[in-house]
Novice: 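Take a look at this one; I'll ask things after.
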Amino acid sequence: MPAEEFVAGWISGALGLVLGHPFDTVKVRLQTQTTYRGIVDCMVKTYRHESLLGFFKGMSFPIASISVVNSILFGVYSNALLALTATSHQERRAQPPSYTHVFIAGCTGGFLQAYCLAPFDLIKVRLQNQTEPRAKPGSPPPRYRGPVHCAASIFQAEGPRGLFRGAWALTLRDTPTLGIYFVTYEWLCRQFTPDGQNPSSGTVLVAGGFAGIISWVAATPLDVIKSRMQMAGLKQRAYGGLLDCIVSSARQEGLGVFFRGLTINSARAFPVNAITFLSYEYLLLSWG
C-alpha cells in the first residue's frame, strides 16, 4: 500500500537522524564558522564549552519534522516509481526498474523533500550554530530558546521570506543528488543479489552506506552555500543571491571552502544511510 512507504520512511529517517545528528552539528559549524581548525578541534571545543549536549542542539525539532520530510522522500520516490513502472516495491526485485526511472523518481522525491524541508532545515542550522553553554542562573539566555522561538524570531526579524533562506541552494542540492543516491543504492544491491531475490541485510547496509557517501560528495559544495545563506540573516550579511554567495565565499576563502565538512559528511553518511535503508527495507518486507 502506498501509505506504508511514507510510514517506513518516517521511522527509518528518525533512526538515521538520531545516529547522525552529532556529526551534522559539527559539519554545520565547520561550514559556517571560522573559529575551528578542523573536525577534532570543533568536537573538542564543543564538548568543553557546551558538554555532550552541545552535539545534540536542534535535534528535537528534526525528530518531529525532518523525519516526516524523510517520509516524503521515500514515499514520493516509491510512488513515482509505481507510476513510472506500474510495479510495487515487492515486485521490483523480479521486475527491476531502469536506472533512468530510478533517477527520475529520486529527483522527484528530492525536489519535493527540499520544498518541504527548507524552513525546518533553517531552524535546525540556526539552533546548531548556537555555541552558548547550557544556561545557568543569572547567565544571559541564548538568542533562540527553542525551535518555536527560533521560528518566531526569524519571522519577526526577517519576514516570511527569512524562513526560506537557502531554499534554492537546498533544492539544487537535493534534486539531482537524491537521484544519484537511489541509483547508487539500486546498482549496488543488484550487483550483489541474485536476480529476483531480495538483497541480504549486509548488502543493504553496504549499498545504503555507499549511496550516502557518493550523494554527499556530490552535495557538499551546495550544502556549504545553503548553510551560509541560512546564517546570513543572523550575521546581518545579505548575499545578493546564490551566485553572489558562491563568488564571495570563493574570493574570501578559496575554492576549498566548497568542500568544508566533506570528511565528516562522508563519515556520517555511511552509518546513517546504512541504518536508514536497512530499517526501511525491513519494515516494508515485514508489512508486505
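This one's a predicted model, so the numbers in the text were calculated from it and none came from an experiment.
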Novice: Could you tell me whether Gln156 atom CD has more than 12 heavy atoms of other residues or ligands within 6.0 Å of it?
Specialist: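 Count not over threshold, so no.
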Novice: Is a side-chain donor or acceptor of Thr25 paired with a backbone partner of Phe55 at a separation under 3.5 angstrom?
Specialist: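 Yes: the side chain of Thr25 pairs with the backbone of Phe55.
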Novice: Determine yes or no for a side-chain-to-main-chain donor-acceptor pair under 3.5 angstrom, with His101 supplying the side chain and Pro97 the backbone.
Specialist: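 A pair under 3.5 Å: no.
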Novice: Throw together a table of side-chain donor-acceptor distances under 3.5 angstrom for residues 105-119, partners on residues two or more places apart or in other chains.
Specialist:
unit_1, atom_1, unit_2, atom_2, d
Thr108, OG1, Ile104, O, 2.8
Gln113, NE2, Asp174, OD2, 3.1

Novice: Would Gln95 and Thr87 count as having a side-chain donor-acceptor pair, cut-off 3.5 Å?
Specialist: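 No, because no side-chain N or O of Gln95 sits under 3.5 Å from a partner of the opposite role on Thr87.
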Novice: Who passes salt bridge (Lys or Arg N to Asp or Glu O under 4.0 Å) against Arg37, sequence neighbours left out?
Specialist: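 Result, salt bridge (Lys or Arg N to Asp or Glu O under 4.0 Å) vs Arg37: Asp41.
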Novice: Determine, using the 4.5 Å side-chain heavy-atom cutoff (strictly less than), whether Ile264 and Leu52 are members of one ILVMFWY cluster.
Specialist: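 Shared cluster, yes.
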Novice: Checking side chain to side chain contact (heavy atoms under 4.5 Å, CB included) for the pair Leu242/Leu172: CA distance, chi angles, key distance, verdict?
Specialist: CA-CA 10 Å; Leu242 182 70; Leu172 290 173; 3.3 Å; yes
Novice: Has Tyr99 got more than 12 heavy atoms of other residues, nucleotides or ligands less than 6.0 Å from its OH?
Specialist: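 Yes - once you tally the heavy atoms of other residues, nucleotides and ligands closer than 6.0 Å, there are more than 12.
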Novice: Inspect the surroundings of CZ in Phe103 and state if more than 12 heavy atoms from other residues, nucleotides or ligands are less than 6.0 Å away.
Specialist: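 Buried by this count: over 12 neighbours within 6.0 Å.
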Novice: Do the rings of Tyr185 and Phe277 sit parallel, tilted or perpendicular, given the 30° and 60° boundaries?
Specialist: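 Taking Phe277 first and then Tyr185, their aromatic rings lie parallel (interplane angle under 30°).
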Novice: Measuring only between side-chain heavy atoms, which start at C-beta, is Thr276 closer than 4.5 Å to Phe74?
Specialist: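 Yes. Closest side-chain heavy atoms under 4.5 Å.
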Novice: Are Val257 and Leu243 grouped together when hydrophobic residues (ILVMFWY) are joined by side-chain heavy atoms under 4.5 angstrom apart?
Specialist: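 No, separate clusters.
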Novice: Does the side chain of Glu50 reach to within under 4.5 Å of the side chain of Lys57, using non-hydrogen atoms?
Specialist: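 The answer is yes; the side chains approach within 4.5 Å.
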Novice: Between Asp244 and Met229, is there a side-chain heavy-atom distance shorter than 4.5 Å?
Specialist: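 In short, these two side chains do not touch, never coming nearer than 4.5 Å.
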Novice: Do the side chains of Arg165 and Ile154 get nearer than 4.5 Å, heavy atoms only?
Specialist: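 Side chain of Ile154 against side chain of Arg165, heavy atoms only: no contact under 4.5 Å found.
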Novice: When Ile214 is tested against each of Thr184, Val183, Thr177 for side-chain contact (heavy atoms from CB on, under 4.5 Å), which residue passes?
Specialist: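 It is Thr184, the one option of Thr184, Val183, Thr177 that forms the side-chain contact (heavy atoms from CB on, under 4.5 Å) with Ile214.
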Novice: List, one per line, each side-chain donor-acceptor pair under 3.5 Å for residues 201-208, sequence neighbours excluded.
Specialist:
unit_1, atom_1, unit_2, atom_2, d
Thr203, OG1, Ser200, OG, 3.0

Novice: Measure from the side-chain N and O atoms of Asp24 to the backbone N and O of Gly20, and report whether any donor-acceptor pair falls under 3.5 Å.
Specialist: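 Absent.
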Novice: Looking at CG of Leu84 and CG of Asn79, how far apart are the two atoms once the value is rounded to the nearest 0.5 Å?
Specialist: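 Reported to 0.5 Å precision, the distance equals 11.0 Å.
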Novice: Answer yes or no: is there a side-chain heavy-atom contact under 4.5 Å between Val272 and Phe23?
Specialist: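 No, their side chains stay 4.5 Å or more apart.
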Novice: Would you check if Asp223 and Lys27 make a side-chain contact, meaning some heavy-atom pair closer than 4.5 Å?
Specialist: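 Result yes, sub-4.5 Å side-chain heavy-atom pair found.
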Novice: Quick one about Ser153 and Arg143 (side-chain donor to acceptor, distance below 3.5 Å, no hydrogens or angles considered), yes or no?
Specialist: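 No.
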Novice: Taking only residues at least two apart or on different chains, which pairs with a member in residues 153-179 satisfy ring-ring contact (aromatic ring centres under 6.0 Å, His included)?
Specialist: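 Passing the test, one end in residues 153-179: no pairs.
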Novice: Taking Ser286 for the side chain and Leu283 for the main chain, is one N or O donor matched with an acceptor at less than 3.5 Å?
Specialist: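 Yes, Ser286 side chain to Leu283 backbone: donor-acceptor pair under 3.5 Å.
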Novice: Run the numbers on Val217 and Leu262 for side chain to side chain contact (heavy atoms under 4.5 Å, CB included), then give the verdict.
Specialist: CA-CA 7 Å; Val217 168; Leu262 176 59; 4.1 Å; yes
Novice: Could you check whether any side-chain heavy atom of Tyr239 comes within less than 4.5 Å of a side-chain heavy atom of Ile246, counting everything from C-beta outward?
Specialist: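 No, too far: nothing below the 4.5 Å cut-off.
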Novice: Could you name each residue pair satisfying ring-ring contact (aromatic ring centres under 6.0 Å, His included) that touches residues 190-227, not counting sequence neighbours?
Specialist: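 Listed once each, the pairs are Phe210-Phe270.
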Novice: According to a hydrophobic-cluster definition based on side-chain heavy atoms being under 4.5 Å apart (Ile, Leu, Val, Met, Phe, Trp, Tyr only), do Leu53 and Val44 belong together?
Specialist: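 Cluster IDs for Leu53 and Val44 differ.
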Novice: Take His21 and Lys124 through the side chain to side chain contact (heavy atoms under 4.5 Å, CB included) test and state the conclusion after the steps.
Specialist: CA-CA 10 Å; His21 193 82; Lys124 176 186 73 73; 4.2 Å; yes
Novice: Partners of Glu253 by salt bridge (Lys or Arg N to Asp or Glu O under 4.0 Å), sequence neighbours excluded?
Specialist: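 With neighbours one apart ignored, the set is Arg228, Arg260.
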Novice: Is Tyr282 reachable from Leu188 through a run of hydrophobic residues whose side-chain heavy atoms are each under 4.5 Å from the next?
Specialist: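 Per the 4.5 Å side-chain linkage, Leu188 and Tyr282 are not co-clustered.
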Novice: Keeping the roles fixed (side chain from Arg29, backbone from Met43), state whether a donor-acceptor pair exists under 3.5 Å.
Specialist: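 Flag not set: sc Arg29 to bb Met43 has no pair under 3.5 Å.
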Novice: Does His149 reach the side chain of Pro142, with side-chain heavy atoms less than 4.5 Å apart?
Specialist: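 Of all side-chain heavy-atom pairs linking Pro142 with His149, none is under 4.5 Å.
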